[in-house]
Peer 1: 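This structure is in structure tokens; I'll ask about it shortly.
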Amino acid sequence: MLRFPSTLSQMEKPIVSCSNIFTYSHSPPKLPLSSYIDINNPFHCLESCQSPRELKQLHALTLKTRPLQTQLISSKILSFLIPFSSPESVTYARELVNHLKPPYLQLHFYNSLIQALTNSSQAIALYGEMITKCIYPDTYTIPYVLKSCAQSHALEEGQQIHAHSIKFGLSSNVYVLNTLMRLYAVCGFTHSVKKLFDGSPERDLVSWTTLIQAFVKMGFAKEAIQAYFDMCRANLRPDKRTLVVILSACSRLGDLSLGTRIHENICDIHDIYSDVFVGNALVDMYMKCGDADSARKLFDKMPVKNVVSWNSMISGLVQQGQFKEALHVFHDMQRIGLRPDSVTLVAVLNACSNLGKLELGKWVHAYIDKNQIKADGFVGNALVDMYAKCGSAEQAFGVFQGMECKDVFSYTAMIVGFAMNGEAERALDIFAEMPMVGTKPDEVTFVGVLSACSHAGMVEEGWKHFEDMSRVYNLEPQTEHYGCMVDLLGRAGLISEAEVFIANMPIEPDAFVWGALLGACSIHGKVELGEAIMKKLVAIEPVRDGAYILMSNIYSSANRWKDALKLRKAMKERKMKKTPGCSLIEINGVVHEFRKGDKSHPRNEELRKVLGEMAIHLQNHGQFPTSNFIT
DNA sequence: CAAGCTGAGA
């Protein structure tokens, strides 16, 4: 006998008075209950039930009037409930299934319920109960439950179900194949996906799409493209979903010509502008391949745009270093009244970091608080980075402390942030916390750590961390790390140590490393060594101006004006232009940009007067600017 | 008896 305590108490009340479930709309209201019920067939009232409560009343009533038919009744009610997918009806149905026994308990009840529960992690448990009751899966059960496994990354359960699919002879079904492939794809087992695909007698477009997707997800973009061509060769035409996946492979490869080719193909086959997913994938592809103009053109032509379309534009521009343009697009987005989501805000914060737009960054922070967006993960990390790069290490630290789940990126942002703002000690304190919370530093973290040591002149400490990289953390130092070490040694005046260090490098020193040593020569006035490094640097990257400038500064400080002039001339002959020195400051929301030699600022005269006074003030206190202070 | 698998942006 079923027990539904709340329902029973409901049932004791006069049911007629509380609803119209047993009546038809034209029925007179106040007749006794018995006159509405067809005693021979109480189930024909089912369709008039309008709420779970009414259904429970009918259920209770039928159980009372027909105590010998509880199983039949429950299964009838269940059949009626199945098409409704509201949470209440699912809960009720799940309870009914618990009490049913074969032959009333049918496979399709489980199938429907498992499907309805795919998002709730109960699907797997229900599948287990089904097996316990000796009801065995068919080609519908397996895909539903596997979908749930894939969603919750339940690899072990998924593998057991994989075994079931073989045991019950279902593994040649293409839906079973596709969902199995999906399971292994989300768990990162690309090899298993490929093996399943290759071993299957039947594949459809979904199988190909899933295979390509698996390759893309794990960064095998070339294999993804290869599979795409294989698919075309097998005479299958891509659909919208395949195209989205293959376009993202082009994005990752940065292969503009392939991406453009696929774009042209799409125009032949589909009306692409009707699908916002394809449009977004195209915008993203053009952006990641460096063609911002084509991306913009496509974006403008899209008849339907959503927040992802805007985000693709904004983050694409940020990635290309077009920060001001990115903020322009963001303001357009606000003008049309589209609400930014966390992805938008991350991109905007990134632009703020690079432009020093502290005010806008603060606005984003306020927006995040006001809209109860969690300042965790990407958003939290972007906030920390923004405050740090805008010079507010304290506020960066505030956000950092408030974050519930800090990952490597959070720690790295904070360490680099403190290092950049001259707080080497605090940077190293944060670094020391990492082992305590079990977060493993990565290569970038060490760039922060080493540069902190470098700026604070902590030679010993720097050496220790550099050695720990490979010894403790199993990280191979890259040229950036060698560059930091050269910088650390060089700044501290240990130039010959730095030279030995470079000579012993296991990898080829690049411009970054030689540049650091040249910088040290510039600080310590080492002309001959500088000249030797200069030659190497020009050989590695002849178009960059940095080496020329540094070297010419070395000549100038050694009063070798002729040599300095010669270098400047050589630059002119090679048509190299010096990248002008540039600084930004934001006051009351307006960014003021100053380039070397630029006199265009409206308050230029005043600024120069103040700078002159500051120079005199500094000199009176024994500080002498090393180069032209006023330019 | 009813039903399924695959898509975008940090």
Side-chain angles (χ1 to χ4, degrees), chain A residues 75-76 78-83 85 106-116 118 137-151 170 173-183 185-186 193 196-197 202-214 216-217 231 236 238-251 275-285 287-288 295 299 302 304-319 326 329 333 340-351 377-383 385 409:
Chain A
S75 90
K76 287 266 186 191
L78 191 49
S79 303
F80 173 76
L81 266 177
I82 287 295
S85 50
Q106 295 158 34
L107 177 59
H108 86 263
F109 293 156
Y110 277 107
N111 286 353
S112 306
L113 264 180
I114 290 173
Q115 183 190 23
T118 37
D138 65 2
T139 57
Y140 288 91
T141 328
I142 301 282
Y144 295 148
V145 69
L146 278 177
K147 186 179 181 183
S148 179
C149 291
Q151 267 173 17
L170 308 168
N173 176 279
V174 69
Y175 287 91
V176 173
L177 168 75
N178 293 344
T179 42
L180 272 172
M181 284 173 63
R182 174 88 189 145
L183 167 77
V186 302
V193 178
L196 275 166
F197 182 87
E202 193 197 341
R203 303 152 193 158
D204 63 4
L205 193 56
V206 178
S207 323
W208 283 97
T209 307
T210 309
L211 176 73
I212 297 171
Q213 164 84 300
V216 175
K217 182 191 146 76
M231 184 192 88
L236 277 169
D239 71 353
K240 290 169 184 171
R241 297 178 122 123
T242 324
L243 288 168
V244 168
V245 173
I246 201 65
L247 283 169
S248 85
C250 297
S251 301
D275 191 287
V276 71
F277 277 79
V278 176
N280 292 346
L282 278 168
V283 169
D284 178 61
M285 184 275 293
M287 273 298 182
K288 296 256 171 72
F299 178 78
M302 285 170 68
V304 184
K305 297 187 193 90
N306 60 16
V307 66
V308 178
S309 325
W310 289 88
N311 290 347
S312 300
M313 280 300 293
I314 297 169
S315 7
L317 288 167
V318 168
Q319 277 164 14
V329 177
M333 177 180 172
D341 68 2
S342 60
V343 179
T344 326
L345 299 175
V346 169
V348 170
L349 284 171
N350 219 319
F378 279 104
V379 177
N381 295 346
L383 269 175
D385 182 68
F409 300 103

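Note that this is a predicted model, so its numbers are computed, not measured. Residue numbering restarts at 1 for every chain, and letters A, B, ... go by the order of the sequence lines.
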Peer 1: Please determine, for the side chain of Val206(A), which listed nucleotide (dC5(B), dA8(B), dG7(B)) has the closest atom?
Peer 2: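 In terms of side-chain proximity for Val206(A), the closest of dC5(B), dA8(B), dG7(B) is dC5(B).
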Peer 1: Can you tell me how far P of dC5(B) sits from CD1 of Ile212(A), to the nearest Å?
Peer 2: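 Atom CD1 in Ile212(A) sits about 19 Å away from atom P in dC5(B).
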Peer 1: Do side-chain atoms of Ser251(A) reach the backbone of Leu247(A) as a donor and acceptor pair under 3.5 angstrom?
Peer 2: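 Present.
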Peer 1: Whole Å only: how far is the CD atom of Gln319(A) from the C1' atom of dA10(B)?
Peer 2: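 In whole Å, dA10(B) C1' and Gln319(A) CD are 8 Å from each other.
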Peer 1: With the side chain of Asp239(A) defined as its heavy atoms from C-beta on, choose the nearest nucleotide among dA8(B), dT6(B), dA10(B).
Peer 2: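 Nearest to the side chain of Asp239(A) among the choices is dT6(B).
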Peer 1: Of the options Asn173(A), Val176(A), Leu107(A), which is the one that meets Asp138(A) in a side chain to side chain contact (heavy atoms under 4.5 Å, CB included)?
Peer 2: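 That would be Leu107(A); it is the only one of Asn173(A), Val176(A), Leu107(A) passing the side chain to side chain contact (heavy atoms under 4.5 Å, CB included) with Asp138(A).
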Peer 1: Please determine whether a side-chain nitrogen or oxygen atom of Lys147(A) lies at a distance below 4.0 Å from atom OP1 or OP2 of dC5(B).
Peer 2: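 So the side-chain polar atoms of Lys147(A) do come within 4.0 Å of the phosphate oxygens OP1 or OP2 of dC5(B), strictly under.
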Peer 1: When all nucleic acid strands are considered with a 4.0 Å heavy-atom cut-off, which category describes Asn381(A): base, sugar-phosphate, or nothing?
Peer 2: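 If one applies the 4.0 Å heavy-atom cut-off, Asn381(A) turns out to touch nothing in the nucleic acid.
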Peer 1: Check whether any side-chain nitrogen or oxygen of Arg203(A) sits under 4.0 Å from OP1 or OP2 of dT6(B), and answer yes or no.
Peer 2: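 No, because none of the side-chain N or O atoms of Arg203(A) sits under 4.0 Å from OP1 or OP2 of dT6(B).
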Peer 1: Ser342(A) has a side chain; which of dA10(B), dC1(B), dA2(B) sits nearest to it?
Peer 2: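 Closest of the options to the side chain of Ser342(A): dA10(B).
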Peer 1: What is the separation between atom CG on Asn178(A) and atom P on dC5(B), rounded to the nearest whole Å?
Peer 2: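 Taking CG of Asn178(A) and P of dC5(B), I get 10 Å after rounding.
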Peer 1: Where the side chain of Thr210(A) is concerned, which of dA10(B), dT6(B), dA2(B) is the nearest nucleotide?
Peer 2: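 Nucleotide nearest to Thr210(A)'s side chain: dT6(B).
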Peer 1: Does NZ or CZ of Lys240(A) lie under 6.0 Å from the centre of the six-membered ring of Phe277(A), at an angle within 45° of the ring axis?
Peer 2: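 Output no; distance or angle outside limits.
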Peer 1: Side chain to side chain contact (heavy atoms under 4.5 Å, CB included) with Pro238(A): which of Leu243(A), Ile246(A), Val245(A)?
Peer 2: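 That would be Leu243(A); it is the only one of Leu243(A), Ile246(A), Val245(A) passing the side chain to side chain contact (heavy atoms under 4.5 Å, CB included) with Pro238(A).
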Peer 1: Counting distance alone, no hydrogens or angles: does the base of dG7(B) have a donor or acceptor under 3.5 Å from a partner atom on the side chain of Asp275(A)?
Peer 2: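 Present.
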Peer 1: dA3(B), dC1(B), dT6(B): which one has an atom nearest the side-chain heavy atoms of Tyr140(A)?
Peer 2: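 The closest nucleotide is dA3(B).
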Peer 1: Using the side-chain heavy atoms of Lys288(A), tell me which of these nucleotides is nearest: dG7(B), dA10(B), dA2(B).
Peer 2: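 Closest of the options to the side chain of Lys288(A): dA10(B).
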Peer 1: What integer distance in Å separates Asn111(A):CG from dA3(B):C1'?
Peer 2: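 It works out to 8 Å between those atoms.
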Peer 1: Look at the side chain of Tyr144(A) and decide which nucleotide, out of dG7(B), dA3(B), dC5(B), has an atom nearest to it.
Peer 2: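 Nearest to the side chain of Tyr144(A) among the choices is dA3(B).
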Peer 1: Which listed nucleotide (dA10(B), dT6(B), dA2(B)) is nearest to the side chain of His108(A)?
Peer 2: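 Selected nucleotide: dA2(B).
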Peer 1: Just the rounded figure in Å: distance from P of dA10(B) to CG of Asp284(A).
Peer 2: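 In whole Å, dA10(B) P and Asp284(A) CG are 6 Å from each other.
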Peer 1: Starting at atom CG of Leu243(A), determine the distance to atom C1' of dG7(B), rounded to an integer number of angstrom.
Peer 2: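 Those two atoms, CG and C1', are 10 Å apart.
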Peer 1: Any idea which of dG7(B), dA10(B), dA8(B) is nearest the Arg182(A) side chain?
Peer 2: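 The closest nucleotide is dG7(B).
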Peer 1: Look at the side chain of Asn306(A) against the base of dA8(B) and say whether a donor-acceptor pair falls under 3.5 Å; ignore hydrogens and angles.
Peer 2: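 Answer is yes: a donor-acceptor pair is held.
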Peer 1: Rounded to whole Å, please give me the gap between CG in Asn173(A) and P in dT6(B).
Peer 2: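 Nearest whole value for this atom pair: 14 Å.
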Peer 1: With Val244(A), which of Asp239(A), Asp284(A), Val278(A), Asn280(A) fulfils side chain to side chain contact (heavy atoms under 4.5 Å, CB included)?
Peer 2: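 One option only clears the test, and that one is Val278(A).
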Peer 1: Atom CD of Gln115(A) to atom P of dC5(B): distance rounded to whole Å?
Peer 2: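 Going from Gln115(A) (CD) to dC5(B) (P), I get 7 Å.
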Peer 1: Main chain of Ser309(A), side chain of Asn306(A): is a donor-acceptor contact present, judged purely on distance under 3.5 Å?
Peer 2: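 Yes, because the side chain of Asn306(A) sits within donor-acceptor range (under 3.5 Å) of the backbone of Ser309(A).
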